Amino acid sequence: MELQTLYKELSQEQFNCDAYVESLARKANTASPKSPLDSIASTFKDVCSDLKVLDMHLKKKERTIEEACRKVEGEHWEMVARLLEKNEKASEILSNLTKRFTNISSGVTFLGYGLAKADEPRSRLVEKQELIKYFAEFLSGRQPLSDVISNKTKQFEAAKAIQQLSLIAEELPKNEYGNVRKNIMKTYNDIERILIGEFVSALETGNISRMKEVANVLSPFRGYSDCVSAYIEHSQRGAFVGRDIFFDVKSLSEKNAVTIREIFHNPEHVMARFILNLYTDRLLKYIEDRLSDRSDPERYLATLFEMHTRVTNLSDELSRLELVSDSSYLATLRGKIFQSYLETYPRIEEEYLQTKFRLILDKFYSSKGHEKRQFSGISTISELKREVQAAITAKTNIQFSSSDLSSRGEILLSEEAVVIILQESKQALKRCHVLSYPNKRIEAIASHSELLLEAILSNHLNYALDIGIQSIPLSEFPKGAQPPQITFYDTVHLGTNIVHLLGKHLADVVLPMIRGSAYEEQVMDRKEAIVTSLEGKFQMGLDRSISAIIGWIRSTLQNEQRKADFKPENDDQLAMPTPVCLKVSRFMEREIGKIKTSLDGRNLEAVLTEVGIRFHRTIYDHLQQFQFNSAGAVNAMLDVSEYRKVIDSWKMPSVLAYFDALYALCNLLVVRPDNLRQVRSGELLAALDNSIILSFVQLRTDFKTSKLFQNL
């Protein structure tokens, strides 16, 4: 194999030794298939020999290259040494030159200061000489600066001279130098007018460098403010073409701040005038136009809040841009814009809220077909009227109608209306926080809270309770009266929810705004006082509702319970609860279901306890009016058991105990005479007074014949 071919194969990037050996073996096997081993061995020996020769050749080439590299390296280091030597000499020369330059520059600077100092008195003398020359010419009645004024290249020189002459003229006596002063001031005004014209011309063409030159010359002149006014007027011309004036004001201020810094030597003063013009001219006119119509207080207040908020945000953005150094300047401008509006705001807000709250409630009453009346609580006259009606009903079975006081039982409470009022309150408080003066803000919030309490608690909830109490049926019912439709539970439920909504609104929105002030306790005390008075009406209404329930039950039992129910002639009839018992039980279940839906917690427990005790007493007194034989006593026990089922569903052990005892008393009407003593000593009856036991045993038809008194 040729060495060059072998070298190329071994120099390949993807050369693989194992693959190369396998390739040699295949070639040897192909060349001599009859004796492959000998062919392979011969091939490998030839390749190994070639590799040794190639190795020797490569090592020789390597030595040659190394010798050449060492020679080049030596030449390189020699060149580096020469460069280092030259660099050292150059550094030394540079150091010497630097020292010489420093010495020369120090001398030149000193010489310059000396020349300037020496020239300063001479320059002042020259200026004074020129002023004396001009003044002398004014004394002679001539116009010494007329030629200079017409020469644009010397206008600045003339301006400087006339400005100084005007200062001198002000010190001269008027009597002796009246004409001179007049001529000087005339020339002063002419030059000032020309310079302002120059500034305006440069302004029209956008020549900032020329405007800067003229402004600097005009700065000591009285007409400098006219120059600033001209710039402000020109910069705002045609700028307000968009729909958002606040964005235009911000963009215009930000854009012109850069230009003002380039032109004027006192940019902060000019920028303050620029912003003053924007606020008191552009913004003020825009806001006056938006707030000119006060016929709709709601829209007016919303617009006032929006305008004040947007001006405040604009002022904050301009403050962040640091366009003026005084941080209170923008707040002062905002105060001037809104001063007249903020002074009348509290009155307008209060009148609006009073009207808005009333309209919200009136809208609800109208949806109910109810006309609100001037109704101030449960009067003595109305109480007397109810008592008289109850007495007449009890004696004559005449049922009176109370339609004049919403006898339809409609609930005149609306959570939706209260939520709307609270939303209005939240918006009003946001306005109050922003638009009220800081020293009157807390007082305004407290006044707002009083309006809110009056609208929700006094005007709405209190009125609904008064109407609701009057709509509760009387406790006396005529014979055959339908079950009363009592809706006062729903009034209690809605009223409780409304009080909770109001309390949450006060805690989340109102109180954080007056935290730590004397008004915080005042607002809470006022709310608690009103709620306490309302709780008394809640209790009164619930008590009357319970009385109506028990009254109907008592009337139904008295009018529909037959004596034969408890003293049947036929002892073989099927024992079952009496029809009136089932009627009363269903009524009680329905009423208790409504109570449970409307009340919860301790209120529910207290009402159920009161209903249960009164119901027990009514059943107890009712049973005392009958005589019982053995079959009737079973019916009585079944009735009491039915009543007990109703009570058991309440999960009120304390009330259920009354009916357990009543059931045990009814058992005395059934047991054999000789077992009375044993039953009397039972756990439920042992704690009862003997008079109670005797009163029930006496109801047995066999009490006298069987001499049951002896068995007790």
Side-chain angles (χ1 to χ4, degrees), residues 475 489 539 542-543 545-554 556-557 561 565-566 575-578 580-626 628 632-671 675-700 711-712:
S475 59
Y489 320 122
Q539 295 298 329
L542 289 173
D543 183 74
S545 298
I546 295 172
S547 298
I549 293 173
I550 300 303
W552 184 83
I553 291 175
R554 184 187 303 112
T556 301
L557 290 174
Q561 189 86 68
D565 291 337
F566 301 129
M576 59 184 300
T578 61
V580 66
C581 166
L582 296 176
K583 183 177 181 180
V584 168
S585 296
R586 299 296 83 78
F587 168 72
M588 181 63 79
E589 287 175 347
R590 186 177 70 252
E591 292 302 309
I592 295 303
K594 292 193 291 186
I595 291 174
K596 286 184 176 181
T597 301
S598 302
L599 304 178
D600 58 11
R602 280 191 249 175
N603 291 332
L604 176 61
E605 183 178 347
V607 170
L608 290 180
T609 300
E610 184 65 22
V611 172
I613 292 174
R614 294 195 196 183
F615 183 46
H616 166 266
R617 187 66 195 181
T618 300
I619 301 301
Y620 179 90
D621 292 342
H622 175 67
L623 293 176
Q624 291 284 326
Q625 301 174 15
F626 294 91
F628 300 86
V634 172
N635 290 339
M637 291 187 68
L638 291 174
D639 281 3
V640 173
S641 178
E642 188 68 22
Y643 298 141
R644 185 185 177 282
K645 288 180 183 178
V646 175
I647 302 301
D648 187 41
S649 66
W650 301 1
K651 307 300 179 184
M652 299 280 293
S654 59
V655 179
L656 186 62
Y658 285 95
F659 284 84
D660 289 339
L662 183 59
Y663 186 82
L665 287 172
C666 290
N667 193 33
L668 294 174
L669 304 175
V670 179
V671 299
N675 290 335
L676 275 175
R677 193 180 301 276
Q678 179 181 357
V679 174
R680 167 67 179 83
S681 61
E683 179 181 356
L684 293 175
L685 300 179
L688 297 180
D689 188 84
N690 284 333
S691 61
I692 297 176
I693 303 297
L694 180 60
S695 67
F696 255 80
V697 175
Q698 287 177 343
L699 300 178
R700 293 178 57 140
N711 295 329
L712 296 176

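As the structure is a computational prediction, the values presented were derived from the model and not from experiment.
Judged purely by distance below 3.5 Å, without hydrogens or angles, the side chains of Asp639 and Thr578 pair a donor atom with an acceptor atom.
The side-chain hydrogen bond (donor to acceptor under 3.5 Å, both in side chains) test applied to Gln539 returns no partner, not counting sequence neighbours. Qualifying side chain to side chain contact (heavy atoms under 4.5 Å, CB included) partners for Ser598, counting only residues two or more places apart in sequence or in other chains: Tyr489, Asp490, His493. For Lys583, the side chain to side chain contact (heavy atoms under 4.5 Å, CB included) partners two or more places apart in sequence, or in a different chain, are Trp552, Thr556, Glu560.
Between the CG atom in Leu608 and the CD1 atom in Ile592 there is a gap of 5.5 Å [rounded to 0.5 Å]. In this structure, Arg554 CZ and Arg614 CZ are separated by 9.0 Å, a value rounded to the nearest 0.5 Å. Between Ile546 atom CD1 and Glu610 atom CD the span is 5.0 Å, to the nearest 0.5 Å. Taking CG from Leu688 and CG from Leu665, the interatomic distance works out to 5.5 Å, rounded to the nearest 0.5 Å.
Put simply, the side chain of Arg700 reaches to within 4.5 Å of the side chain of Leu676, judged on heavy atoms. His616 has its side chain out of reach of Val655: every pair of non-hydrogen atoms, C-beta onward, lies at least 4.5 Å apart. Under the 4.5 Å side-chain criterion, counting only non-hydrogen atoms from C-beta, Leu684 is in contact with Asp660.
Ring centroid separation for the pair Phe659 and Phe615 comes in under the 6.0 Å cut-off.
Using a distance-only test at 3.5 Å, with no hydrogens or angles considered, no donor-acceptor pair links the side chain of Ser641 to the main chain of Leu638. Of the possible polar contacts, one joining the Arg680 side chain to the Leu685 backbone as a donor-acceptor pair under 3.5 Å is found.
Checked options Thr609, Val611, Leu604, Leu656; the residue passing with Trp650 is Val611 (criterion: side chain to side chain contact (heavy atoms under 4.5 Å, CB included)). Evaluated for a ring-ring contact (aromatic ring centres under 6.0 Å, His included) with Phe696, the options Phe626, Tyr663, Tyr620 yield exactly one hit, Tyr620.
The pair Arg602-Glu605 does not meet the salt-bridge criterion, since no charged nitrogen lies less than 4.0 angstrom from a carboxylate oxygen.
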